[in-house]
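Atom set for the values below is all heavy atoms of this structure, side chains included, hydrogens, waters and symmetry mates excluded.
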Amino acid sequence: MEQSTRRSEPSSEPVSRRGLLRAATVSAAAVGTAGLVGAAATPASAGTGHGGGRRRVPVDRISIQLYTLRDQLAADLPGTLAALRRIGYRRVEHAGFVGRTAAQFRAALDAAGLRATSGHTAIPQPFDADAWERALADANTVGSRKIVHPWFGLDAAGQPIRDPQVYRALARDLNRAGRMAERAGLEFGYHNHQLEFVPLTDGGTGFEILTGETDPRLVHFELDLFWAWRGAQDPVDLIRAHRGRIRQVHVKDMDTNASFADLGDGLIDFGRIFAHEREAGIEEYIVERDDAGTPPRSPADALDTARVGFDYLASLRY
């Protein structure tokens, strides 16, 4: 999900990982949602990730979050899905069904030769077991293996949640949702933004509560690498702290203004992170760019983002 970011002219000076992390920590601690614009990354020269390593991302595990192409899909669902298959994608992660039923969306995927192995579907709040059962049925109709809760962290006033009890209540709901997903033959995950890393009133973070109070057998994490950096977190540290629980990653690059960039054009050294893939338990590498079709970019630019992202991951060595 996209967060509004005021953009300025890029700096011509190199930006260090340490400096960005320090700036992110100060920014995230000092201001509300609009100010959570800190970032952390390796220097731009390391961001290409095309080193001399022998490991690579398996092509059949590269996916794309279809939120990246939301406008293009709305205009031409079959044509956009076919274009993704021509780029090389074999799997996608859906974010809704583009005005179709689950069965109709599955038919469009089948026609394009794609599988929606994962999907973003929010658990009902307050929790509604019947509604969640219907969501799980849709996930199975589409053919997903994983279903992921995509968004949390703002209160009714649009401010970051800082009450630990709210996160503890969410953790209980995530466990309920995960147990029902398991019975339906699905794996259930949680996708982060930067808000889970905002300091709570007790000094902890929502991410600490969610990882500590959810059952590892029922809830895994889909780590959004961009939003982790925006929350002043090094993804490698998160992997080390939560071994085996990070089964999916959103692979999204960051420019020097802490906004979005196509893969390889930004600051994040993905090879450094993926070197810990076995420790993390990563099963899917999901390309995403939240603003890919948003002005001043055109909807068609999202297909360029998809192509660049696939080629980047397919050629990455680490």
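For E277 and R55, the salt-bridge test passes: some basic side-chain N is under 4.0 Å from an acidic carboxylate O. Between D60 and R115 there is no salt bridge, since no side-chain nitrogen of the basic residue lies less than 4.0 Å from a carboxylate oxygen of the acidic one.
Transitive grouping of hydrophobic side chains (ILVMFWY, heavy atoms separated by less than 4.5 Å) brings L84 and F105 into a common cluster. Put simply, I286 and I273 are part of two different groups of oily side chains (I, L, V, M, F, W, Y) that touch within less than 4.5 Å, one to the next. V308 and I268 are not part of a single hydrophobic cluster, where members link through side-chain heavy atoms under 4.5 Å apart.
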Walk me through whether T305 and F260 qualify under side chain to side chain contact (heavy atoms under 4.5 Å, CB included).
CA-CA 11 Å; T305 288; F260 307 106; over 6 Å; no
When you look at E284 and K146, which way does the salt bridge (Lys or Arg N to Asp or Glu O under 4.0 Å) test go after all the steps?
CA-CA 10 Å; E284 285 192 310; K146 296 177 172 64; 5.0 Å; no
For W132 and D173, run side chain to side chain contact (heavy atoms under 4.5 Å, CB included): C-alpha distance rounded to whole Å, both residues' side-chain angles, the deciding distance at 0.1 Å, then the answer.
CA-CA 11 Å; W132 187 236; D173 284 345; over 6 Å; no
For H250 and Y67, run ring-ring contact (aromatic ring centres under 6.0 Å, His included): C-alpha distance rounded to whole Å, both residues' side-chain angles, the deciding distance at 0.1 Å, then the answer.
CA-CA 12 Å; H250 271 193; Y67 181 76; 9.6 Å; no
Passes side chain to side chain contact (heavy atoms under 4.5 Å, CB included), E182 versus E187? Steps please.
CA-CA 6 Å; E182 182 182 49; E187 298 175 30; over 6 Å; no
Start with the C-alpha distance between V59 and L313, add both sets of side-chain angles, then the distance that settles side chain to side chain contact (heavy atoms under 4.5 Å, CB included), and finish with yes or no.
CA-CA 8 Å; V59 171; L313 289 181; over 6 Å; no
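Across all non-hydrogen atoms, the minimal contact from L303 to I87 is O-CD1, 4.0 Å. When all heavy atoms of Y89 and S63 are compared, the closest pair comes out as CE2-O, 3.4 Å. Closest heavy-atom contact between A112 and A82: CB-N, 4.0 Å. Contact between A306 and I64 at its shortest, heavy atoms only, is CB-CD1, 3.5 Å. Pairing each heavy atom of P164 with each of R162, the nearest pair is CD-O, 3.3 Å. Shown here for S144 and A116, the closest heavy-atom pair between the two residues is OG-O, 2.9 Å.
Side-chain N or O atoms of H149 include one that pairs as donor or acceptor with a backbone N or O of I123 at under 3.5 Å. No donor-acceptor pair closer than 3.5 Å links the side chain of S259 to the backbone N or O of D255. Put simply, the side chain of D265 never gets that close to the backbone of D253: no donor and acceptor are under 3.5 Å apart. No donor-acceptor pair under 3.5 Å is formed between the side chain of R240 and the backbone N or O of E279. A donor-acceptor contact shorter than 3.5 Å links the side chain of R317 to the backbone of S315. Side-chain atoms of T68 come within 3.5 Å of backbone atoms of R289 as a donor-acceptor pair (strictly under, hydrogens ignored). Under the 3.5 Å distance criterion, the side-chain polar atoms of H120 are left unmatched by any main-chain donor or acceptor of A122. Side-chain atoms of Q104 come within 3.5 Å of backbone N or O of T101 as a donor-acceptor pair.
With sequence neighbours left out, the side chain to side chain donor-acceptor pair (under 3.5 Å) criterion links R106 to D110. In this structure D301 satisfies the side-chain contact (heavy atoms from CB on, under 4.5 Å) test together with R297, S298, D304, sequence neighbours excluded.
Using a 4.5 Å cut-off on side-chain heavy atoms (C-beta onward), F221 and T211 make contact. Looking at heavy atoms from C-beta onward, V142 lies in side-chain contact with F97 at the 4.5 angstrom threshold. Contact annotation: the side chain of R172 approaches that of R168 to within less than 4.5 Å [non-hydrogen atoms, C-beta and beyond]. Put simply, the side chain of L263 does not reach to within 4.5 Å of the side chain of L316, judged on heavy atoms. L195 has its side chain out of reach of I161: every pair of non-hydrogen atoms, C-beta onward, lies at least 4.5 Å apart. Side-chain contact between E222 and E93: present, with at least one pair of heavy atoms (C-beta onward) separated by less than 4.5 Å. D290 is not listed as a side-chain neighbour of F226, based on a closest heavy-atom distance of 4.5 Å or more. Side-chain contact between V219 and R245 is present, with heavy atoms from C-beta onward closer than 4.5 Å.
Under the 6.0 Å cut-off for aromatic ring centres, F270 and Y318 do not qualify, their centroids lying 6.0 Å or more apart. Note: F274 and Y285 meet the aromatic proximity criterion, with ring centroids under 6.0 Å apart.
The structure places CZ of R247 at 12.0 Å from OG of S118, a figure rounded to the nearest 0.5 Å. The CG atom of L225 lies 12.5 Å from the CD atom of Q233; values are rounded to the nearest 0.5 Å. With rounding to the nearest 0.5 angstrom, the CZ atom of R61 is 7.5 Å from the CZ atom of R91. Note: L114 CG to H94 NE2 = 13.5 Å, rounded to the nearest 0.5 Å.
Tested against F152 for a ring-ring contact (aromatic ring centres under 6.0 Å, His included), the candidates Y167, F207, W227, Y190 yield a single pass: Y167. The only option from V148, L223, I282 that meets the side chain to side chain contact (heavy atoms under 4.5 Å, CB included) definition with Q248 turns out to be V148.
In this model, no donor atom of one side chain and acceptor atom of the other lie less than 3.5 Å apart for N175 and T214. In this model, no donor atom of one side chain and acceptor atom of the other lie less than 3.5 Å apart for R70 and T80. Judged by distance alone, the side chains of H191 and D224 do bring a donor and an acceptor atom under 3.5 Å apart.
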